Q: 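What follows is a single structure, and I will ask about it in a moment.
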Amino acid sequence: MAQVYDLMQGKVSRLILSFYFPMLFTNLLQQIYNIADTAIVGKGLGDAAVAAVGNMGSLTFLVVGFSVGLTNGFSVSIAHSYGRKDMEELRRCIASSVVLSALITVILTVVSVVFLDELLRLLDTSSEIMSDSLLYGHILFGGLICTIFYNMCSAVLRALGDSKTPLIAIVVSSIVNVGLNYITIFLMDMGVDGPAYATIISQLISALICFARLRRIEMIRLHRSDFKVEIGMYLELIRNGIAMALMNSVTAVGSMVVQFFVNGLGLAYTSAFSVCMRYLNLFIDPACTAGFTMSAFTSQNYGAEKYSRIREGLRVCLTIAFVSYIIFGTVLVFFPKTIVGFMLNEESTIAIAAEYLPPCGIMLFAVDFLFVYRSGVQGMGYPLVPMLSGIAEMVMRILIVVLFVGGLGFVATAYAGIAAWVAALLMNMFAFYLILRRKQKQSITAK
């Protein structure tokens with residue numbers, strides 16, 4: 001029988017760090033092989049190919065981000081059941097999550113593949129990269145089942161306190177992904193379809209590794225009776241899952257609007273923006289991982305009604321986020337040209353990217369802290385606040401870009417992101433303390 005991990009007993013800092021670091025390495029590997037993808041594409045196929053792949057970034061965030069939010073929302077309900085030590089409810093919750101995930105997979109795959117051409121045109125995609133963006137996107141979205149399969153399996157494992165198995169899965173899939181990228185581009189002379197196929201294959205491998213681990217956990221071994229339709233269970237999962245999925249999606253819409261304005265500035269700006277997003281995603285990853293850790297820790301302890309431990313967990317996760325800010329904010333402020341030069345070739349494009357990164361580095365703490373507070377709110381089962389904060393992010397991105405891109409140019413897109421981070425942080429921080437204080441008062445009154 002495989003082991004599950006109880007985050008409700010023991011020293012908080014030790015539990016959080018032991019959960020955090022395997023997940024950190026997992027997420028960093030994912031970001032590193034995304035950067036490796038871009039570097040291989042850039043050096044093998046040129047800056048235009050980087051623009052074609054990067055142009056898909058906001059659309060990928062829209063579709064894949066929806067599925068990630070969905071499965072993360074499901075994992076909150078799963079962790080609550082585990083925190084209550086209700087194994088029958090736990091199995092039913094997992095079974096219902098599987099059914100909903102399968103349904104969403106079919107819908108997302110059909111919609112994203114059918115409407116990809118129209119969406120790319122809405123982004124004002126350059127004719128020079130349209131065919132490559134379509135090719136890359138059709139393959140990526142056609143294999144969405146592999147992505148959601150992995151997200152669902154890893155989300156269940158995290159809900160049960162296991163962050164080590166996803167690390168093993170990503171180590172293996174990262175090696176496969178980078179190897180396939182090199183083979184398809186440099187040995188097989190493929191275009192952007194090579195990295196797309198490599199991504200799908202590597203995600204399938206990581207999903208199968210996580211699935212094999214889940215099958216060994218006896219207490220969650222599902223039976224036919226676990227799949228019995230329970231309206232209450234489905235509604236709870238939809239409430240958590242859809243709200244968190246919509247949060248990611250409305251944020252992605254704001255990113256798509258920014259992408260539209262960037263594409264309108266010219267191909268060099270599209271390439272530069274693509275590389276900037278790669279580095280930002282990498283450098284916020286440690287704090288994002290602290291957020292995932294906060295979600296799993298909060299979910300289990302909330303189910304067990306151990307509210308004081310949630311506050312302790314917050315302090316540890318915020319400390320992690322602050323250390324991450326100091327390290328990576330410094331790199332973005334002082335070494336922007338150095339890092340973007342690894343992926344871009346043209347000096348003019350490098351200079352554009354180097355203009356974007358320093359302001360983001362100065363304000364990186366806002367998005368780092370946002371991950372922690374937002375995940376805490378989600379972990380307590382209040383998905384509406386994060387969803388509303390996602391709307392606030394979207395509004396701020398669009399507003400700042402529309403008002404200032406004409407006068408400030410490309411750097412206005414950086415300020416749009418910063419404004420979005422700050423607005424969402426304030427909303428989630430206020431909600432976290434309000435909810436936790438109220439639950440602690442209710443707990444004291446009940447006793």
Side-chain angles (χ1 to χ4, degrees), residues 7-8 12-13 15-16 19 69-84 86 89 93 155 158-159 161 232 235-248 250-251 287-322 365-393 420-447:
L7 300 176
M8 297 166 285
V12 171
S13 58
L15 286 170
I16 284 181
F19 185 90
L70 187 80
T71 53
N72 285 343
F74 293 165
S75 74
V76 170
S77 298
I78 293 168
H80 284 178
S81 297
Y82 180 56
R84 288 191 288 267
D86 188 337
E89 181 184 86
C93 192
R158 287 197 304 270
L235 288 177
E236 180 190 350
L237 289 168
I238 290 171
R239 183 179 71 88
N240 280 329
I242 295 299
M244 292 171 66
L246 288 175
M247 178 198 72
N248 285 347
V250 295
T251 303
C288 181
T289 304
F292 281 125
T293 304
M294 184 68 188
S295 179
F297 183 84
T298 300
S299 298
Q300 285 194 17
N301 283 280
Y302 186 84
E305 299 184 358
K306 296 185 176 182
Y307 304 121
S308 60
R309 286 176 64 83
I310 294 175
R311 197 177 289 273
E312 289 183 63
L314 174 71
R315 287 194 290 267
V316 176
C317 290
L318 283 177
T319 300
I320 294 171
F322 181 73
F365 73 89
V367 69
D368 286 351
F369 289 176
L370 167 61
F371 286 127
V372 176
Y373 280 107
R374 184 170 61 195
S375 297
V377 175
Q378 291 169 344
M380 290 187 286
Y382 290 83
L384 182 60
V385 174
M387 186 182 75
L388 292 175
S389 73
I391 295 174
E393 284 191 67
W421 300 341
V422 172
L425 170 62
L426 293 175
M427 291 179 65
N428 283 277
M429 184 166 46
F430 176 78
F432 178 89
Y433 289 118
L434 183 65
I435 294 166
L436 189 58
R437 187 180 299 113
R438 186 176 65 192
K439 298 304 291 188
Q440 286 179 313
K441 284 183 179 179
Q442 291 174 353
S443 178
I444 292 171
T445 302
K447 292 178 181 178

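This is a predicted model, so every value here is computed, not measured. The first residue in the sequence is number 1, and the count goes up from there.
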Q: Taking all non-hydrogen atoms of both residues, which atom of Phe292 and which atom of Ser375 are closest, and how far apart?
A: N-OG, 4.1 Å
Q: To check you understand the geometry: which heavy-atom pair defines the closest contact between Ala159 and Ile78, and what is its length?
A: CB-CG2, 3.8 Å
Q: Counting C-beta onward and ignoring hydrogens, is there a side-chain heavy-atom pair between Phe297 and Val12 closer than 4.5 Å?
A: yes
Q: Considering all heavy atoms of both residues, which atom of Asp368 and which atom of Ala321 are nearest to each other, and what is their separation?
A: OD2-O, 3.6 Å
Q: For Tyr373, give me all partners under ring-ring contact (aromatic ring centres under 6.0 Å, His included), at least two apart in sequence or on another chain.
A: Phe432, Tyr433
Q: May I ask you to decide if Pro386's main-chain N or O and Ser389's side chain share a donor-acceptor pair within less than 3.5 Å?
A: yes
Q: To check you understand the geometry: which heavy-atom pair defines the closest contact between Ala296 and Arg158, and what is its length?
A: CB-O, 3.7 Å
Q: Could you tell me which residues satisfy ring-ring contact (aromatic ring centres under 6.0 Å, His included) with Phe19, sequence neighbours excluded, listed by chain and number?
A: none
Q: If you look at every heavy atom in Val377 and Asn428, which pair is closest and at what distance?
A: CG2-O, 3.7 Å
Q: For residues 374-385, which residue pairs pass the salt bridge (charged side-chain N to carboxylate O under 4.0 Å, His left out) check, not counting sequence neighbours?
A: Arg374-Glu393
Q: Are Cys317 and Ile16 side-chain neighbours, meaning at least one heavy-atom pair lies under 4.5 Å?
A: yes
Q: Is there a side-chain contact between Glu312 and Arg315 (heavy atoms, below 4.5 Å)?
A: yes
Q: Measuring only between side-chain heavy atoms, which start at C-beta, is Val385 closer than 4.5 Å to Met380?
A: no
Q: Specify the closest pair of heavy atoms between Ser75 and Ala155, including all atoms of both residues, with the distance to one decimal.
A: CB-O, 3.5 Å
Q: Pair Arg309, Leu15 - check side chain to side chain contact (heavy atoms under 4.5 Å, CB included), show working.
A: CA-CA 11 Å; Arg309 286 176 64 83; Leu15 286 170; 3.3 Å; yes
Q: List the steps and the verdict of side-chain hydrogen bond (donor to acceptor under 3.5 Å, both in side chains) for Ser295 and Gln378.
A: CA-CA 7 Å; Ser295 179; Gln378 291 169 344; 5.0 Å; no
Q: Show your reasoning for whether side chain to side chain contact (heavy atoms under 4.5 Å, CB included) applies to Lys439 and Gln442.
A: CA-CA 5 Å; Lys439 298 304 291 188; Gln442 291 174 353; 3.3 Å; yes
Q: Got a donor-acceptor contact below 3.5 angstrom from the Arg239 side chain to the Gly381 backbone?
A: yes
